[in-house]
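Below is one structure; the comments refer to it alone.
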Amino acid sequence: MNVRLYIWQRATAAIMAPLVLVHVAVIFYATRQGLSAADVLSRTRGSIAWAAFYGLFVAAVSIHAAIGVRNVLHEWTPLTERRAGFCAIVFGLLLAALGSRAVAAVVLP
Amino acid sequence: MHSELSVSLWLGGEDGRYESYSVPQRESQTVLDVVTFVQRNIDPTLSYRFACRVGVCGSCAMTVNGKPRWTCRTHVAKVAHGGRLEIGPLENLPVIKDLTTDMRVFFEKWQEAKGVFAPTKTRRDAIAQIRPDTPARIAADASIECINCGICYAACDTVRWNGDYFGPAALTRAWTLVSDERDGGNGARLQAVAGSGGCHACHSHQSCQELCPQSLNPTAAIAGLKRRTVAAYLKGEITA
């Protein structure tokens with residue numbers, strides 16, 4: 001891992017740390033309040049704040065996890081650094097697509 | 001105390017095998033004493049390295065019961081539980097024969113990490129006056145006693161997984177020079193250690209710190225390099 005990837009991975013980790021806490025708090029709140037799916041969707045649909053929150057979360061996860069997977073592939077498989085990087089980009093794009101789809105499903109009106 | 005030690009020594013090259021010997025146990029006996037006993041009394045073809053026998057030269061490191069150690073300063077009584085010793089060549093380095101490894105790659109990585117002092121003065125200049133209590137000098141002094149034994153390199157998981165990784169010793173040397181105010185080679189050095197084989201490949205497992213016979217802390221030195229390279233990259237002084 002070079003210095004550029006290191007900075008991206010640490011920066012996305014710093015972004016994710018508070019987001020994870022809020023996300024877990026939301027899960028606790030929703031389950032303890034007994035919110036139904038309809039209750040949750042009524043709060044999230046059309047909300048720019050939740051769209052921004054989870055959109056940022058998905059972007060940070062996609063970058064952070066892809067860099068980590070790149071390192072694992074490079075160190076633990078016979079893949080060259082270049083090929084590990086290619087696989088990681090594909091993995092990151094997949095995470096971004098799936099995550100964006102999930103965010104869109106709960107925030108689009 | 002057991003009167004006899006059961007000693008297994010690695011014989012041959014990469015495809016060698018462990019051979020068992022019985023060696024008399026003595027007071028204050030070191031692992032190097034055991035290897036020397038075998039070479040002088042049982043198998044004169046046994047190949048191993050040593051020079052000073054007092055923990056200065058860094059040439060006698062071997063794998064002792066699964067861990068890399070300086071054999072001249074490792075007492076048998078501390079590592080031979082149940083009177084058994086298994087002694088092999090250092091890991092993460094090519095085996096030449098028996099207990100000797102080819103350490104060229106270890107030292108080549110010192111060169112790649114720009115571990116050579118780059119002077120900023122000539123012999124005609126006055127000797128630099130360096131205060132020993134500045135933060136930079138304290139950081140440089142922290143790792144100056146490295147004896148190049150290769151134990152940290154053999155202990156490092158990242159070296160095992162990533163053949164391009166410079167390893168703890170080379171990076172610690174680079175950090176010593178980065179912290180040395182007399183040195184003028186930091187541009188090239190920070191660029192070298194910021195690459196894929198450099199400091200950012202370290203996972204901070206700290207095996208180097210745990211097993212360094214000089215009680216140095218390569219993990220802290222590498223962390224220092226991480227901070228300096230990040231700052232240099234953000235200022236545009238180095239590229240990725």
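Treat the numbers as computed from the prediction; the structure is a model and nothing was measured. Note on naming: letters A, B, ... go to the chains in the order of the sequence lines (proteins, then strands), and numbering restarts at 1 for each one.
Residue-environment remark: CD1 (A:Ile48) stays at or below the threshold of 12 foreign heavy atoms within 6.0 Å. Dense packing is recorded around NZ of B:Lys121, with more than 12 heavy atoms of other residues, nucleotides or ligands lying under 6.0 Å away. Few gaps surround CH2 on A:Trp50; more than 12 heavy atoms of other groups in view lie less than 6.0 Å from it. Counting heavy-atom neighbours within 6.0 Å of B:Lys67 NZ, excluding the residue itself, gives a total of 12 or less. Around the CZ atom of A:Arg83, the shell of radius 6.0 Å holds no more than 12 heavy atoms that belong to other residues, nucleotides or ligands.
Atoms NE2 and CG, from B:His200 and A:Leu5 in turn, are 10.0 Å apart once rounded to the nearest 0.5 Å. Taken from OG1 in A:Thr77 to CH2 in B:Trp161, the straight-line distance is 13.0 Å, to the nearest 0.5 Å.
Using a 4.5 Å heavy-atom threshold, the side chains of B:Leu234 and A:Ile7 count as touching. Side-chain contact between A:His74 and B:Asn162 is present, with at least one heavy-atom pair separated by less than 4.5 Å. Using a 4.5 Å cut-off on side-chain heavy atoms (C-beta onward), A:Met1 and B:Ser196 make no contact.
The two residues B:Ala201 and A:Glu75 come nearest to each other via the heavy atoms O-OE2, 4.1 Å.
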